[in-house]
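Below is one structure; the comments refer to it alone.
Since this is a predicted model, take the numbers as computed values, not measurements.
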Number of protein chains: 2
Amino acid sequence: MPVTLRDVADHAGVSVKTVSNVVNGFRHVSPDTRARVQEALDRLGYQVNLSARSLRAGRTGIIALAVPELRQSSYFSELAGAVMQHAEERGLVVLIEQTLQSRQRELDVLSGARNRLVDGVIFSPLELGPDDLATAPAGLPIVLLGERVAAGGPLDHVSIDNVAAAREAVTHLLRIGRRRIAAIGLHPDERIGTAEQRFRGYAEALTGAGLPLRRELLGDTGPWHRENGAACMRALLARDPRPDAVFCFNDMLAVGALRELLRSGVRVPEDVALVGFDDVEEARFSTPSLTTVAPDLDGVARAAVGLLQSRISGDRPPGAPHTVTRQHRLVVRESTVGLPRP
Amino acid sequence: MPVTLRDVADHAGVSVKTVSNVVNGFRHVSPDTRARVQEALDRLGYQVNLSARSLRAGRTGIIALAVPELRQSSYFSELAGAVMQHAEERGLVVLIEQTLQSRQRELDVLSGARNRLVDGVIFSPLELGPDDLATAPAGLPIVLLGERVAAGGPLDHVSIDNVAAAREAVTHLLRIGRRRIAAIGLHPDERIGTAEQRFRGYAEALTGAGLPLRRELLGDTGPWHRENGAACMRALLARDPRPDAVFCFNDMLAVGALRELLRSGVRVPEDVALVGFDDVEEARFSTPSLTTVAPDLDGVARAAVGLLQSRISGDRPPGAPHTVTRQHRLVVRESTVGLPRP
DNA sequence: GACGTCACATACATCGTTGTAAACAACGTT
DNA sequence: AACGTTGTTTACAACGATGTATGTGACGTC
């Protein structure tokens with residue numbers, strides 16, 4: 001049913017290879033034959049069979065983006081949008097994989113078992129540690145996102161400076177006079193992931209200001225979803241001392257926390273100030289709007305796609321991994337500085 | 001570099017086809033050879049080359065999901081998550097395309113030009129009308145989402161009853177006593193898309209209650225993003241009469257409108273009640289939380305993947321398109337009924 | 001007129017996999 | 001002993017595209 005080069009060749013009275021040459025814009029084709037072939041191509045509505053081309057070329061032009069999930073984390077949706085945009089500029093298309101907090105699925109991504117049709121993977125791991133990541137086979141180009149887990153590991157890596165960013169966020173809370181600053185989003189079992197990085201920034205800011213770390217102000221959560229932010233905030237409000245500020249490890253948690261605070265009649269920022277992380281669009285539109293850390297999302301996406309492509313094209317042979325750190329900035333909004341009340 | 005069937009066959013001292021038979025679990029392979037081949041497979045770490053398999057089989061196991069964009073519309077992210085989940089259950093992976101409000105990109109999706117490596121497309125069109133959709137080539141299975149644009153057209157189609165849903169939303173506003181009900185999200189040039197459907201439901205509810213359609217209460221917007229909801233709300237507040245309720249054609253618009261209302265010191269729902277559409281998670285966590293129409297997202301995704309697969313597998317040859325209409329329900333929250341103020 | 005050079009076109013092999021048909025052995029049946 | 005049956009394995013061709021090598025003229029140069 002589909003039209004092949006063979007069909008077009010028969011139609012135009014030339015060889016298959018000549019048609020291929022026309023399709024690929026090869027130089028030495030006479031204007032005469034080129035026109036005749038082109039006409040046949042148009043008439044028959046030829047479209048290349050990418051499976052065949054891929055088999056021949058050893059590439060598919062597809063890269064995978066493996067993220068925890070899209071449904072409940074706006075950040076990964078926005079990231080996906082950015083990655084797709086930059087991939088397109090380089091002639092790549094993106095296949096998205098959800099790892100869904102499953103360690104096994106993450107291992108599958110790493111081994112390529114989950115996807116053997118892609119030229120490379122941009123991977124935002126959640127469950128895997130450096131030991132796991134070291135087991136990545138050399139065959140499949142992989143760029144890691146979002147943590148410094150793998151600094152020193154065998155893989156390319158793009159991130160922001162999570163520790164510094166968290167420190168700045170908490171320092172901002174200190175500067176506006178808060179002293180009982182809680183943190184939401186801790187993963188106590190984790191020694192090295194994003195949660196740990198952001199916690200370290202939080203801790204550094206506090207101890208830098210001569211304040212103690214108080215267990216009562218630390219909020220453990222599971223996944224960084226809105227509902228967990230709300231649940232965690234509820235728990236914090238029941239404790240003594242009550243926090244006068246909360247640093248949430250991402251915006252979803254902050255949105256959940258904000259909801260819970262307002263529901264409980266706590267004023268934000270007067271009673272409790274709130275800072276999030278990621279600067280998802282939702283953060284600009286909540287009331288009060290959320291102070292948050294804005295990573296250079298487009299920069300991260302661009303760097304990741306660029307690094308991956310340089311591996312795929314063979315410009316950089318395996319080994320000698322690059323680590324790219326992109327900018328971030330604290331966006332101060334109403335959840336910490338308030339707004340003139342009407 | 002990668003291991004092929006040939007390598008494994010040499011290693012195990014059998015033919016290539018026998019290895020293939022083992023890999024595919026073909027029945028008539030003696031336990032003895034099976035074990036020997038399996039051992040070679042494991043040792044060499046064989047992985048099928050999907051390009052080759054696809055070329056042979058004529059299928060890739062990839063379906064495309066073409067949506068307007070992921071970054072600013074949570075609905076499409078949540079939809080994508082749902083589609084990916086159901087696709088996975090059927091052994092398919094999903095490649096996401098953003099059409100980015102571009103008519104040309106949508107036409108490319110339809111013609112398959114954008115992606116020739118996929119077995120089929122789940123397509124949520126924004127710009128194309130029935131005339132365009134009728135030009136879809138028969139070769140590529142396509143399932144349309146989200147509007148009734150194509151009822152009677154040549155393509156399968158999954159949606160909810162947008163007119164009825166919008167009517168229920170507005171009827172709810174009437175029932176709580178609102179009379180100056182504005183609408184945000186109109187696309188005046190559109191005669192048939194989602195915006196038109198939701199407007200029709202809005203109009204039906206009003207005229208059904210004996211109320212006139214007032215031009216001053218109709219808010220035209222571009223894309224259904226938060227910022228456009230805010231801008232449109234700002235314009236509405238400047239008009240006379242001021243609305244006492246607003247029906248937003250999706251939740252993004254509603255979030256933007258809510259932000260603008262609160263910023264202007266308008267109380268929600270006391271002064272202005274607000275209804276959205278889609279029931280994205282964000283709607284549950286805003287303050288006040290958003291009354292909204294909840295489509296059966298999982299049902300839509302499941303039906304779309306199911307219809308597409310039945311086309312791909314050839315269970316249903318081209319023609320005889322199905323139209324599936326999934327349920328919806330109005331979720332009443334604080335933006336219309338208020339909450340006990342502390 | 002022999003030669004090399006260039007532009008253009010073609011035949012063939014190949015990428016890795018799997019369907020088809022056929023080969024082969026072991027077995028029981030007549 | 002000839003036969004079919006069943007289970008197991010193999011050789012071969014094909015999926016559609018493209019790199020390589022080769023062929024064919026036309027042209028200019030010595």
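Separation of atoms NE2 (B:H86) and CD (B:Q309) is listed at 13.0 Å; rounding is to 0.5 Å. B:I122 CD1 to B:L144 CG: the interatomic distance, rounded to the nearest 0.5 Å, is 10.5 Å.
A side-chain contact (heavy atoms from CB on, under 4.5 Å) with B:L65 is found for exactly one of B:V94, B:V143, B:L95, B:V305, namely B:V94.
Bracketed by its first and final contacts, the part of DNA chain C lying under 4.0 Å from non-hydrogen atoms of chain A reaches from C:dA7 to C:dG16 in 5' to 3' order.
Between the CG atom of B:D10 and the P atom of D:dT10 there is a distance of 12 Å, given to the nearest Å. Atom pair A:N49:CG and D:dA14:P shows a separation of 17 Å (rounding to whole Å applied). Remark: C1' of D:dG16 and NZ of A:K17 are 13 Å apart, rounded to the nearest angstrom.
Base contact: B:T18 has a heavy atom under 4.0 Å from a base atom.
Counting only distance, with no hydrogens or angles, the side chain of A:N24 and the backbone of A:F26 share no donor-acceptor pair below 3.5 Å.
Ion pairing of B:D7 with B:R43 is absent here, as no side-chain N (NZ or NE/NH1/NH2) approaches a carboxylate O to less than 4.0 Å. Using a cut-off of 4.0 Å between Lys/Arg side-chain N and Asp/Glu carboxylate O, B:D298 and B:R326 are scored as not salt-bridged. A salt bridge between B:R311 and B:D119 is absent, with no side-chain N of the basic residue lying under 4.0 Å from a carboxylate O of the acidic one. Between B:R105 and A:E88 there is a salt bridge, since at least one side-chain N of the basic residue sits less than 4.0 Å from a carboxylate O of the acidic one.
Sequence order on DNA chain D of the closest nucleotides to B:R56 and B:S15 puts B:S15 first from the 5' end.
Of the residues in residues 19-41 of chain A, those with a non-hydrogen atom less than 4.0 angstrom from any atom of DNA chain D are A:S20, A:N24.
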